[in-house]
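See structure below.
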Amino acid sequence: MKELEETVKSVVKELFDTNIDVSLTRPDPQFGDYATNVALQLAKQLSKSPRDVASMIVGSIKHPHIANLEVAGPGFINITLVDHLLIEQAMCQPTQSMAGKVVLAEYSDPNPFKVLHAGHVYTTVVGDSIANLLASAGADVHRVNYGGDVGMHVAKTMWAILQRLGGEFPEKLRDIKIAERSVWMSSAYVEGNNIFEANEDAKNEITDLNKRVYQLHADADKDSPFARIYWKCRQWSYDAFDAFYKRLGTQMERYYPESEVADIGLSLVKEQVGKVFEESEGAIIFRGEKFGLHTRVFVNKKGIPTYEAKEIGLIVKKYKDYNYDLSVIVTANEQEQYMAVLSKAIEQFLPDLAALTRYVPHGMVKLDGGVKMSSRRGNIIPALEVIDATILANKELNDKDDELTVLGAIKYSFLKNRIGGDIIYDPVESVALEGNSGPYLQYAHARARSILRKADNVTSLKNVSILDAQERIFAQKLSEYSETVEKATEELMPHHICTYLYELAQVFNRFYEKNRVLGDDRESTRLSLMNRYTEILQQGLGLLGIVAPESM
RNA sequence: GCCCCGGUAGCUCAGUGGAUUAGAGCAAUGGGCUUCUAUCCCACAGGCCGGGGGUUCGAAUCCCUCCCGGGGUACCA
């Protein structure tokens, strides 16, 4: 409420000849719609008691939108708006702060030739919601994905695949059924990874295969039997990713394979040797210590770009492709400091690009026992098992098997916590219709929609001007929607939406417990409020990537 | 060692632009349904906000320090 803040500020200026930034906060609803603590801040410098200062301010504020002002507690000023302004706020849409901006959202980042695991579900849900938030603020959002289609994990998988095919016989891939491809490949990775640890000969063969894969890219080889196997299997991975994203309700616009950006990064780093980077022990490194960070290798002593150099290639290529105003990169927080070094390095020679990038580091997904999932070992939780476990829980607890509830449950569980820390996922809790869960909100929406469907005529809130006490509490909560979305967007923190929607549903359920809607004297007003309520639920859940059903 | 992230109710977590009595869900206890879909609501209970110091009229929130957990710390990503 900028206007009210300015009003208070000018009153303070007039009374005390002091400039102070006034910020209005949302107090406990019983106290009013807004509150400010300026009187407490000013009391000391004015040598007056805070309550006296507050009283003076209150006595001097005259504003057509304020219904009531009072001094409370040690000297807070509580402000209550006139009803029609509160209603106006309840109808307010979030500001289009990103209108006209091009935003690139990179998230999920699974590696071809490896299995999707629980962490990918999490990072996808998080990234997708952040992308939704930015899009809702008016940005032109592009969702992209980066993954390693070269490297040792590929060589390991290829080794096992060649064993299974009995040699370099690409036509034998036809024997693998479409539905089995994904499992077939991920088990090949596990097989290759295991033998790499156990068998010296196989290890050498895999190392050779790794070079062949790089060579295949260098030669743009699409025709040799080995290449045909590689490209076919790589495509199978991307097909599996597409299917996974489709199931989760998102869509990647473009995959950036590591092989496409490695050379770009390599040459950029080499150009900056002696300026940004330096040679040390045969490698090309960036000394982060002078920036309070640590040293990292960008090109190793064999001349191969590490992830750091490739990431530079990726950033440059992404910018070339999209000319973005903002690039958001969602990654695991174990990469946070490495990203900080990378960012600092880029800042040295591409300062504009560095300034346009925002990193969102997130924690790991843990199930009971808190086992870290690493697809490098065998002890991973595949993504599909997370979904299957939730489907099972939904069946056992609710005796239902609809995918919308399951996805709502998973997404909400993942998103309701602040991004950054590890999260502990409990499938049973996630599908519970009681408590702070996705299905609770989906049901809240369905229930309200059911009532609205029974009504003859639902009019817009803008026709409402007077609220009774109970309706006012409901409207007050509705009025917090736009500022909540704005905050979530600014911070790239979807959990604010979760917290708000849950509180909103609780406020409505309390209202509904004590008040009739249909058939009441105030039916028209209450239906209008409910209509806005379902709109907010539907939009808010949409920002989380969750579908709000008409019935359940 | 140094750096980053975290430590809030038995459990899972909000709150960390300073502010009125620290909140929610789950679990536990006691109530309320021939419903506008009770998958809900109400009540009660549960906290030296990791410890200690400091700044302030006021600190879970800011500063210092210590403890605990996780991660990073040169050729993996």
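We use all heavy atoms of the structure for the numbers below, so side chains are in, but hydrogens, waters and symmetry mates are not. Every chain is numbered from 1 and lettered A, B, ... according to where its sequence line falls, protein lines coming before strand lines.
Phosphate proximity of B:rU37 to A:K454: present, with a side-chain N or O under 4.0 Å from OP1 or OP2. A sub-4.0 Å separation between OP1 or OP2 of B:rU16 and a side-chain N or O of A:R418 is absent. Residue A:K302 places no side-chain N or O under 4.0 Å from the OP1 or OP2 atom of B:rC75.
A donor-acceptor pair is defined here as one N or O able to donate and one able to accept, closer than 3.5 Å; no such pair exists between the side chain of A:T390 and the backbone of A:V406.
Taking atom C1' on both nucleotides, B:rG51 is separated from B:rC68 by 11 Å, rounded to a whole Å. Going from the P atom of B:rG17 to that of B:rA28 covers 36 Å, rounded to whole Å. Comparing B:rG6 with B:rU12, their C1' atoms are spaced 15 Å from each other, to the whole Å. Of the C1' atoms belonging to B:rA9 and B:rG25, the separation is 12 Å, rounded to the nearest Å.
In terms of position on RNA chain B, the residue among A:Y502 and A:R510 whose nearest nucleotide sits closer to the 5' end is A:Y502. Residue A:G420 is the one, among A:A35 and A:G420, whose nearest nucleotide of RNA chain B lies closer to the 5' end (criterion: closest heavy atom).
Ring pair A:Y481/A:Y500 is tilted by interplanar angle, where 30° to 60° counts as tilted.
Evaluation of atom-type donor-acceptor distances gives a pair under 3.5 Å for the side chain of A:Y443 against the base of B:rU37. For B:rA77, the base has no donor-acceptor partner in the side chain of A:T306 [N/O atoms by modelled type, under 3.5 angstrom]. Counting distance only, with no hydrogens placed and no angle test, the side-chain atoms of A:E513 and the base atoms of B:rG32 include a donor-acceptor pair under 3.5 Å.
Contact check on A:E429 versus A:K416 returns a salt bridge, with a Lys/Arg side-chain nitrogen under 4.0 Å from an Asp/Glu carboxylate oxygen. Salt bridge present: A:K344 and A:E347 bring a charged side-chain N and a carboxylate O closer than 4.0 Å.
Within the 4.0 angstrom heavy-atom criterion, base atoms lie near A:N515.
Residue A:A446 places its side chain closer to B:rU37 than to any other of B:rU37, B:rC13, B:rC40. With B:rU37, B:rG15, B:rA74 as the candidates, the nucleotide lying closest to the side chain of A:T295 is B:rA74. Set against B:rU39, B:rG15, B:rU73, the side chain of A:R296 has B:rU73 as its closest nucleotide. Here the side chain of A:R453 is nearest to one of B:rU37, B:rA14, B:rU20, namely B:rU37.
Base-pair partner of B:rA43: B:rU29 (Watson-Crick or G-U wobble, both distances under 3.5 Å).
By the 5.5 angstrom centroid cut-off and the 30-degree plane limit, A:Y307 is classified as not stacked against the base of B:rC76.
Between A:H362 and the choices A:T331, A:T123, A:D422, the side chain to side chain donor-acceptor pair (under 3.5 Å) rule is met once, by A:T123.
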